[in-house]
Each structure stands twice: as structure tokens, then as C-alpha cells.
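Since the structure comes first, as C-alpha cells, the remarks are kept for the end.
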Amino acid sequence: MSLKIENLTVYYQTIAGNVRALEDASFSLADGEIMGVAGESGCGKSTLSNSLVYLHAPMKFIRGRAFLDGEELFIQDKVKMDAVRYKKISVIPQYAMNAMNPTSKIGVMIKDLLTSKGEDFEKILPELKNRLDLVKLSPDVLNLYPFELSGGMKQRMVMVISTLLNPSLLLADEVTSALDVSSQKAVAEMLVGFRDQKIVKSMMVITHDISILYQMANSIMVMYAGQLAEKASTDTIINSPRHPYTKLLIQSLPTVGVRFSESRLAGIPGNPPLLLNPPTGCRFRDRCPVAFAKCAEVPPFVEVEKGHFLACWKEGKTHA
Ligand SMILES: Nc1ncnc2c1ncn2[C@@H]1O[C@H](COP(=O)(O)OP(=O)(O)O)[C@@H](O)[C@H]1O
Ligand code: SF4
Ligand SMILES: [Mg+2]
């Protein structure tokens with residue numbers, strides 16, 4: 001088992017009150033698994049990813065535990081998380097492309113990063129060149145400034161940097177969202193290549209665009225309004241989803257493989273609830289076509305068939 005998360009609950013403390021962005025998330029990731037994390041904007045995907053790298057303000061830890069390769073991740077401890085970052089767990093944050101230091105040449109930036117991690121740049125340089133080759137970048141990029149790279153090149157550069165020290169787990173947050181369709185496909189293939197070449201052991205690919213996941217993810221976890229809704233193999237989520245929200249999400253997609261825009265979700269009546277004051281029970285209740293009285297209680301996220309997890313009172317009965 002690569003990653004195991006138990007009851008992770010994370011809020012944002014604001015003057016208006018707590019924004020309940022992630023509530024009792026429990027799931028695991030197998031060795032070699034590429035798991036897509038899907039759901040509408042604002043459902044807590046980045047909160048989940050960011051909290052696993054280092055949970056700090058404005059995020060507020062409420063409860064939960066995380067384990068990577070059997071060892072506990074002390075997600076609130078900056079020193080401990082700095083020690084594992086890049087080496088055991090690495091994130092490509094949302095908007096990473098724009099966060100590269102504009103005043104340093106890329107090679108210098110990588111050298112500084114490696115030095116700060118106690119690694120020797122010269123020793124790693126041959127492997128760095130291999131990795132650049134893997135993502136179809138020339139070693140000349142090391143002498144360039146970030147602004148000299150196109151969006152697609154920057155994204156591939158960020159992917160190389162974040163995986164250079166072979167982290168066990170890679171968290172890729174909306175890495176394809178700002179790219180054109182052909183760059184998206186290339187980035188998706190490269191991420192799968194990182195796993196196949198054992199550069200990383202497992203991966204969470206976070207996206208609001210579920211169609212990106214069809215080709216690359218082994219499994220998909222669907223989130224809704226800060227709660228986990230369903231997790232199963234990619235094939236099951238696409239062809240036989242059981243959670244009412246997943247069903248609507250899949251139905252609202254045009255056809256498999258066609259890029260989906262967020263506006264398509266207008267096909268699902270209503271809007272996700274505000275997480276400052278979310279409804280009790282199942283947060284999908286107001287929009288759910290099959291809601292009933294029991295849904296006023298929070299449905300547990302349970303395994304209904306092997307590898308198929310679901311949080312729904314109506315559809316969640318096991319076949320056992
Ligand atoms: N810094 C913040 N302060 C307050 N609320 C936040 C902050 N960042 C995110 N949120 C809220 O937390 C919820 C989850 O956000 P996020 O994890 O970014 O969603 P996603 O990545 O799925 O789009 C949203 O309701 C969002 O408005
Ligand atoms: S628990 Fe109830 S409201 Fe939630 S998805 Fe299932 S049936 Fe719908
Ligand atoms: Mg996000």
C-alpha cells in the first residue's frame with residue numbers, strides 16, 4: 001500500500017467561520033496506482049492535495065491521519081514535511097507554472113533546490129538530462145529563464161523538477177488545465193511514463209476535467225462539496241457508476257474522450273452548497289434525484305464491491 005488516509009478533515013478559518021473544505025476523507029492508494037481525483041471546482045481537491053504536503057494556515061487541521069509506505073506523515077509539522085518533500089512526496093501545485101522564480105535561470109533554480117535538500121547538483125545532472133529528454137525538452141532549457149518557455153514547456157519542466165528525487169507519491173493538481181488539447185495528451189502520457197519507469201510509485205491526478213483521466217488513471221475518486229462520493233476503477237466510474245452524483249457527472253459529459261467544460265455541469269440542476277455552512281448529512285441532498293429521509297445523516301464511505309467505495313444511503317448497499 002502506498003498511501004493511506006484516515007478521516008482527514010481540513011477546514012479554512014475565516015472571519016465568517018469555518019469553511020468545511022474536506023470532511024472525513026478515508027481512502028488508500030495501491031503501489032503503482034494512478035488515481036484521478038475529480039469533482040467540480042471548489043469541492044476540496046486542492047485542499048486534499050495541499051494538506052498532504054504540509055497542512056498550514058489558512059488550512060486548519062481538524063482530525064485525521066496519513067500514512068505513506070507504512071510510515072505516518074506528520075502533515076502539520078513543517079520540519080518533518082520538508083524532510084520528505086521531493087524525496088517521498090511531491091506536489092505539482094495548481095498554477096505551478098506561474099510560480100517559477102522569474103529572476104533565476106532554470107538550471108540555477110534546480111541547483112539551489114537540490115542544495116537545499118542536501119543533494120549534489122553535479123551528481124544528479126546526468127539524470128536530470130535524461131529526464132528532460134523523457135519529457136522532450138532540450139538540456140538548453142537549463143540556461144533559460146522561465147518566461148522564455150511556452151506554457152507546455154514550463155509544465156513539463158515543473159514535472160521534471162518535482163519528480164527528480166524519485167518521490168514515492170506524486171500529487172499533480174490540475175496539471176493539464178491550462179494547456180491545449182495536444183499538450184494535455186502529451187503531459188498525460190508523460191505522467192504515466194513516470195509511473196511505468198518507476199520514477200514515482202503512485203500518483204494522484206487532480207482535475208475538474210474527468211475526461212483527461214480516461215486514458216491515464218487506473219482509478220477515479222469523485223468528490224462532492226468536501227466529501228468523498230465514490231472511488232472505483234476508471235472503467236467502473238465511467239461505465240457503471242453507482243453514486244447519483246457520479247452518474248450525473250458522467251451523463252453530463254459529451255462523449256468519451258471529448259474535452260469537457262465546466263459549463264456542462266449546468267446540466268445538473270442546482271449548485272454545490274457553500275462550504276461555510278454546508279447542509280447536514282449527504283451534501284448532495286439538495287440536488288439528488290433519489291434523496292430520501294435517511295440522507296439527513298452523513299452516508300459512510302464503504303466498500304460495496306472489491307475496490308468500489310461509495311457514500312450513498314440509496315445505492316450503497318453491498319452485494320454481499
Ligand atoms: N484560503 C482559503 N480560505 C477560505 N476558503 C478557501 C480557501 N481556499 C479554498 N477555500 C474553499 O475551500 C473549498 C475547497 O477549495 P479547493 O480545495 O480549492 O477546491 P478545488 O481544488 O476542488 O477547486 C472551496 O469552498 C473554497 O472556496
Ligand atoms: S445519500 Fe441520499 S442524497 Fe446522498 S447521493 Fe445517496 S441518495 Fe442522494
Ligand atoms: Mg483546485
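Computed from a predicted structure; not experimentally measured. For ligands, and for the atoms within them, numbers begin at 1 and follow the listed sequence. No hydrogens, no waters, no symmetry mates; every other heavy atom, side chains included, goes into these values.
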Problem - Sidechain N-carboxylate O distance under 4.0 Å for Glu72, Lys4 - result: no
Practice task
With heavy atoms only and a cut-off of under 4.0 Å, state how Leu48 meets ligand 1: side chain, backbone, both or neither.
Solution key: neither
Practice task
Using side chain to side chain contact (heavy atoms under 4.5 Å, CB included) as the criterion, point out the one residue from Val53, Leu8, Ile5 that pairs with Ile75.
Solution key: Leu8
Practice task
Do me a favour and list the nearest non-hydrogen protein atom to atom 4 (C) of ligand 1 with residue, atom name and distance?
Solution key: Tyr12 CB, 3.5 Å
Problem - Heavy atom of protein inside 4.0 Å of atom 27 (O) of ligand 1, strictly below - result: no
Practice task
Just need the protein heavy atom nearest to atom 16 (P) of ligand 1, so name the residue and atom and give the distance.
Solution key: Thr47 OG1, 3.6 Å
Completion exercise
Looking only at heavy atoms, the pair that brings Met204 and Leu169 closest together is N-CD1, 4.4 Å
Problem - N-O pairing of Lys129 and Asp133 below 4.0 Å - result: no
Exercise for the section: Would you tell me which option among Gly42, Ala16, Ala225, Pro58 has the nearest heavy-atom contact to atom 13 (C) of ligand 1? Expected result: Gly42
Exercise for the section: Nearest heavy atom to atom 8 (Fe) of ligand 2 wins, so pick from Ala293, Ala291, Pro244, Cys288. Expected result: Cys288
Problem - Heavy-atom nearest neighbour in the protein, as seen from atom 6 (Fe) of ligand 2, with distance rounded to 0.1 Å - result: Cys312 SG, 2.3 Å
Handout entry: Contact partition for Val19 relative to ligand 1, non-hydrogen atoms under 4.0 Å
Key = side chain
Practice task
Could you see which bit of Lys294 sits under 4.0 Å from ligand 2, with heavy atoms only: side chain, backbone, both or neither?
Solution key: neither
Practice task
Would you check whether Cys43 reaches within less than 4.0 Å of ligand 1, judged by its heavy atoms?
Solution key: yes
Exercise for the section: Looking only at non-hydrogen atoms, find the nearest pair between Leu52 and Leu73 and report the distance. Expected result: O-CD1, 4.4 Å
Fill in the blank from the handout: ligand 2 atoms nearer than 4.0 angstrom to some heavy atom of Cys295 are 1 (S), 2 (Fe), 3 (S), 7 (S)
Handout entry: For Tyr224, the option from Arg283, Glu40, Arg287 that meets side-chain hydrogen bond (donor to acceptor under 3.5 Å, both in side chains)
Key = Arg287
Handout entry: Salt-bridge contact Lys306-Glu303 (side-chain N to carboxylate O under 4.0 Å)
Key = no
Problem - Is_contact(atom 9 (C) of ligand 1), protein non-hydrogen, under 4.0 Å - result: yes
Exercise for the section: Report whether Val222 and Val37 are members of the same hydrophobic cluster (ILVMFWY, side-chain heavy atoms less than 4.5 Å apart, transitive linking). Expected result: no
Fill in the blank from the handout: re atom 18 (O) of ligand 1, the protein heavy-atom contact at minimum distance is Ser46 CB, 3.8 Å
Problem - the Mg ion (ligand 3) contact by Ser46, N, O or S atom under 2.8 Å - result: yes
Fill in the blank from the handout: ligand 2 atoms nearer than 4.0 angstrom to some heavy atom of His243 are 5 (S)
Problem - Test: Lys231 cationic atom under 6.0 Å from Phe301 six-membered ring centre, within 45° of axis - result: no
Practice task
Using a strict 4.0 Å threshold on nitrogen-to-oxygen distance, state whether Lys136 and Glu189 make a salt bridge.
Solution key: no
Problem - Ligand-side contact atoms (ligand 2) for residue partner Trp313, heavy atom cut-off under 4.0 Å - result: 1 (S), 6 (Fe)
Practice task
Below 4.0 angstrom from a heavy atom of Lys314, which ligand 2 atoms are there? Numbered from 1 as shown, please.
Solution key: 7 (S)
